[in-house]
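Just so it is clear: chains get the letters A, B, ... in the order the sequence lines come, proteins before strands, and each one is counted from 1.
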2 protein chains.
Amino acid sequence: MSDTKQRLLDGTLTALREHGIAGISARTIAAAAGVNQALVFYHFGTVDELLGAACRAGTAQRVARYAQRFTEVGSLRELLAVGQALHVAERELGNVSVLAQLLAGAQSEPRLAAPTAEALQLWVDEIEPVLVRLLAGSPLAEVADIPGLARAVAAGFVGLELYEGVDAVGATRAVGALEQLAVLVEAVDDLGPVARRAVRARISRTARRSGPGRPVR
Amino acid sequence: MSDTKQRLLDGTLTALREHGIAGISARTIAAAAGVNQALVFYHFGTVDELLGAACRAGTAQRVARYAQRFTEVGSLRELLAVGQALHVAERELGNVSVLAQLLAGAQSEPRLAAPTAEALQLWVDEIEPVLVRLLAGSPLAEVADIPGLARAVAAGFVGLELYEGVDAVGATRAVGALEQLAVLVEAVDDLGPVARRAVRARISRTARRSGPGRPVR
DNA sequence: GTCTATAGCTGGATAGAC
DNA sequence: GTCTATCCAGCTATAGAC
């Protein structure tokens, strides 16, 4: 990868963090990258193409950096802790708030939809096996759609990132509350056999009754 | 409220839905509102001011429309169903995807932060009493920070809206999985006294142990 | 591959007629 | 209050020198 191309990819992420999707342009990107504005078009054709490429490359890099940590997660609360660490680190250097900006842009720019969906999927692909592992044998796993849950976690994380940008105190509080939810799930998993059977019975009964609640496969 | 002012407020929401925060301008707003471009500045001074005003007014209107339904919610899954209905209706007419756009814009436009935070708070103020009511007597309520949970729900909803724009199938699946989580919580609430005590004991033990998990008050 | 220069357009914002 | 006209900044994209 040529140096200039990489500088443009990095500069795109920096510019997205500083100016948001509303303030992005070949000029703001080039300024952040420290290169000439015309090189955006020489190397990537259009600004949107560069945005898509930066989204893919940047997310892949970040995901690779956290892959190891995900495999070491041993509980739902540890998963939340990794999410917290990721959030703090990425707020400074990274790619998650960038992903939120690109998701917002993709809502009305169809050409951004595919790259952003793929980038989010990279995170989902990390989260999903962790959940499969953590919830193995849990009553929840018997009725819940784990891939769906992984998607909810990834999407919810993006929503919390955006919320954090306008209300840091509220966002901290929200994360704390989610930790309590994780505690509940873990508590159910740690129940004795009798109570556990009761929960399981209750869950499968409810799941059978409710059509729209069944996981989509 | 003068007719033109209202048309501009409505036109702002339409323009945000059609072009996103990246494509918003006095001209696109005026076109959507069917008025002259200069009137944006006459009535609101700047585009950002108009964005803030539209955010407040539009959200207040939508929240009022759903307030009644929130009071009628009798279970967590009914709350999710209201969220679903809201999502479907707002995707066509509304204000939630607009809120996502404004949140994205607010990340790098400090003047948008206050209005968007207030708008999100309007939704939180609806969700919070519902959760208080639904979780009264639940083991979860004893350790969880309900206001925090309401914030997580609102922020997560925004994240799901953004995700839906790039992967509709994945988003549907995510919502289905959340419904299963609601089933779990309800199942715990419906347990007999013995099993219930076991869960409660397990939860408070874990809650005491984990510093960062305690609700912020 | 990288630069300067520029065409052509869209944007925020204002002046001034009505 | 609303319109036309306009200034000027910033934008995408390309042409052409180096």
>> With rounding to the nearest 0.5 angstrom, report the CD to CG distance, A:E161 to A:L86.
In response: 8.0 Å
>> How about CD on A:E49, more than 12 heavy atoms from neighbouring residues, nucleotides or ligands closer than 6.0 Å, or not?
In response: no
> Expressed in angstrom and rounded to an integer, what is the separation of A:E49 atom CD from D:dA13 atom P?
Replying inline: 11 Å
> Parallel, tilted or perpendicular: which describes the rings of B:W123 and B:Y66, with under 30° parallel and over 60° perpendicular?
Replying inline: tilted
> How long is the line joining NE2 of B:H19 and C1' of D:dC11, in whole Å?
Replying inline: 17 Å
> Over how many whole Å does the gap from A:N36 atom CG to D:dC11 atom C1' extend?
Replying inline: 15 Å
> Relative to each other, are the rings of A:H87 and A:F157 parallel, tilted or perpendicular (30° and 60° limits)?
Replying inline: perpendicular
>> Within a 6.0 Å radius of atom CZ on A:R111, are there more than 12 heavy atoms belonging to other residues, nucleotides or ligands?
In response: no
> Does any non-hydrogen side-chain atom of B:T12 lie less than 4.5 Å from one of B:V98?
Replying inline: no
> Is the number of heavy atoms from other residues, nucleotides or ligands within 6.0 Å of CZ (B:R56) greater than 12?
Replying inline: yes
> Does any residue of residues 38-47 of chain B have a heavy atom under 4.0 Å from DNA chain C, and if so, which ones, in number order?
Replying inline: B:A38, B:F41, B:T46, B:V47
> Where is the tightest heavy-atom contact between B:L112 and B:D48, given as atom of each residue plus distance?
Replying inline: CD2-O, 3.8 Å
>> How bent is the helix from C:dG1-D:dC18 to C:dC18-D:dG1, measuring the angle between the end axes built from five pairs each, rounded to 10°?
In response: 0°
>> Test side chain to side chain contact (heavy atoms under 4.5 Å, CB included) on A:R173 and B:D145; report intermediate values, then the result.
In response: CA-CA 8 Å; A:R173 203 165 169 177; B:D145 178 33; 2.8 Å; yes
> Where is the tightest heavy-atom contact between B:V63 and B:E126, given as atom of each residue plus distance?
Replying inline: CG1-CG, 3.5 Å
>> Reading DNA chain D from 5' onward, which residue's closest nucleotide shows up sooner: A:D48 or B:S2?
In response: B:S2
> Where does the chain A footprint on DNA chain C start and end, counting 5' to 3' with a 4.0 Å heavy-atom cut-off?
Replying inline: C:dG1 to C:dT4
